[in-house]
Protein chains: 2
Amino acid sequence: MSQGNIDVSEQVSSGEACTVLEALQRVSGKWAIGILLEASNGPVRFTELERAVKGISRRMLTLTLRNLERDGLLVRTVYPTVPPKVEYTSTEMALELYGSLRGLTRWAERHRDTITAARARYDAANAADAR
Amino acid sequence: MSQGNIDVSEQVSSGEACTVLEALQRVSGKWAIGILLEASNGPVRFTELERAVKGISRRMLTLTLRNLERDGLLVRTVYPTVPPKVEYTSTEMALELYGSLRGLTRWAERHRDTITAARARYDAANAADAR
DNA sequence: CGGAATCCGCTCGGATACTG
DNA sequence: CAGTATCCGAGCGGATTCCG
């Protein structure tokens, strides 16, 4: 843990690439987006997420949630009942991010086939001259 | 290599989380975005990228470029001159992505401080009860 | 100039088992 | 229900060296 200290000093790159890098570092990781999307409709519970994101392990769900909470994208609320109940709620900041995420989503939907085809072509060409 | 076969079968999650995951998997990785942003202004050469992205190693530049080329986001053009010259050009598909990327960029710019603060707070609270 | 190849540490991420 | 703990393999990513 505490691996996430990206050195931002001086690094300006293309003028904003550094910031984008930060954004992606925070939001990236196989699962963050899925969780954020799920949480954008209102508070969600741990088990809800576990089923909704589907494919995620208990471990990664916990880790990703902790990181999102750490960065202030989710708020964790514990209800001291029995059985225990924990809700994760998107912050205002996270909801703003949600807009951009949808952009990526629709882009991926539009070009899904194209990308798959491109990969197949590239791999075929590659396998050809590897032989 | 060739690890990128995410199982999309049946997996619909929140209706689009699966697609977003694909999008992010392709575009994620510490460097892809920086490179794409750089390439969006027109063809760029290898060495240009190496300086522009700043912080990237020669190895990761090569690897990321290969993956982007593989997915059809960049086109690699070799000019058989001496010294050799190679240009990377964004495809139409990549340029569409660029729009969404800017969204992320500006979001990150707006909330950079907030996130930093949130982290500090979280870490402080955490160190407190770890002791 | 534009890579490819190698070495090596670190982190990501899955599986499994245990807890309050 | 909502985690934590541990083990372990795979891939990411940096540094360095060599090549056409």
Side-chain angles (χ1 to χ4, degrees), chain A residues 1-7 11 21 24-35 38-39 43-70 74-89 126 129-130, chain B residues 1-7 11 21 24-35 38-39 43-70 74-89 126 129-130:
Chain A
M1 287 106 216
S2 78
Q3 49 72 223
N5 270 321
I6 302 149
D7 182 23
Q11 177 174 347
L21 193 122
L24 258 271
Q25 284 322 53
R26 297 176 207 286
V27 151
S28 142
K30 218 167 168 178
W31 306 110
I33 311 280
I35 293 176
E38 219 52 52
V44 277
R45 301 184 55 176
F46 189 88
T47 317
E48 285 186 84
L49 286 169
E50 196 171 7
R51 283 173 316 184
V53 176
K54 203 174 278 176
I56 195 172
S57 64
R58 202 188 245 76
R59 169 186 150 85
M60 287 317 295
L61 179 54
T62 304
L63 282 179
T64 310
L65 285 173
R66 289 289 169 275
N67 283 326
L68 291 174
E69 187 196 355
R70 185 167 105 105
L74 291 181
V75 173
R76 180 169 178 269
T77 315
V78 184
Y79 298 92
T81 62
V82 28
K85 178 180 174 182
V86 179
E87 276 183 353
Y88 293 91
T89 313
N126 214 312
D129 61 31
Chain B
M1 286 99 215
S2 77
Q3 50 72 223
N5 269 323
I6 301 147
D7 181 23
Q11 176 174 349
L21 192 121
L24 257 273
Q25 284 322 53
R26 296 175 208 288
V27 150
S28 142
K30 218 166 167 179
W31 307 110
I33 311 278
I35 294 176
E38 221 50 54
V44 276
R45 302 184 56 177
F46 189 89
T47 317
E48 284 186 86
L49 286 169
E50 196 171 5
R51 284 173 316 185
V53 177
K54 202 174 278 178
I56 194 172
S57 64
R58 202 190 244 75
R59 170 185 151 84
M60 287 318 294
L61 179 54
T62 304
L63 282 179
T64 310
L65 284 172
R66 289 290 167 272
N67 283 325
L68 292 174
E69 186 195 354
R70 185 167 106 105
L74 291 182
V75 174
R76 180 170 178 267
T77 314
V78 183
Y79 299 92
T81 62
V82 28
K85 177 181 173 181
V86 180
E87 276 183 352
Y88 293 91
T89 313
N126 213 312
D129 62 30

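Per chain, numbering begins at 1; letters A, B, ... match sequence-line order. In this text the structure is predicted, and so the values were computed from the model without any measurement.
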Which residues satisfy the side chain to side chain contact (heavy atoms under 4.5 Å, CB included) test with A/T62, sequence neighbours excluded?
A/F46, A/R66
Output for pair (A/I35 CD1, A/M60 CE), nearest 0.5 Å, gives 8.5 Å
Spacing of A/E50 atom CD relative to C/dA15 atom C1', expressed in whole Å
13 Å
For atom CE of B/M60 and atom P of C/dC7, their distance in whole Å:
19 Å
Gap between atom CZ of A/R70 and atom OG1 of A/T64 - 0.5 Å precision:
13.5 Å
Would you please name every residue forming a side-chain hydrogen bond (donor to acceptor under 3.5 Å, both in side chains) with B/R59, sequence neighbours left out?
none
Between the two ends of the helix from C/dC1-D/dG20 to C/dG20-D/dC1, what is the bend in degrees, rounded to 10 degrees, where each end axis spans five pairs?
40°
Give, for atom CG of B/L49 and atom CD1 of B/I56, the distance between the pair rounded to the nearest 0.5 Å.
8.0 Å
Send over the distance from B/L61 CG to D/dG13 C1', rounded to a whole Å.
13 Å
Report the residues that fulfil side-chain hydrogen bond (donor to acceptor under 3.5 Å, both in side chains) with A/R58, sequence neighbours left out, ordered by chain and then residue number.
A/E50
If you measure from CZ on A/R45 to CZ on A/R51, what distance do you get to the nearest 0.5 Å?
9.5 Å
Just the atom pairs and distances: protein N or O near nucleotides 2-6 of chain D's N or O, under 3.5 Å.
| unit_1 | atom_1 | unit_2 | atom_2 | d |
| --- | --- | --- | --- | --- |
| D/dA2 | OP1 | A/R45 | NE | 2.9 |
| D/dA2 | OP1 | A/R45 | NH2 | 3.0 |
| D/dA2 | OP1 | A/V86 | N | 3.3 |
| D/dA2 | OP2 | A/T47 | N | 3.0 |
| D/dA2 | OP2 | A/T47 | OG1 | 2.3 |
| D/dG3 | OP1 | A/R66 | NH2 | 3.1 |
| D/dG3 | OP1 | A/R76 | NE | 3.2 |
| D/dG3 | OP1 | A/R76 | NH2 | 2.6 |
| D/dG3 | OP2 | A/Y88 | OH | 2.6 |
| D/dG3 | N7 | A/R58 | NE | 2.9 |

For residues 75-82 of chain B, which side-chain donor-acceptor pairs fall under 3.5 Å, sequence neighbours excluded?
| unit_1 | atom_1 | unit_2 | atom_2 | d |
| --- | --- | --- | --- | --- |
| B/R76 | NE | B/Y88 | OH | 3.3 |
| B/Y79 | OH | B/E87 | OE1 | 3.2 |
| B/T81 | OG1 | B/P83 | O | 2.8 |

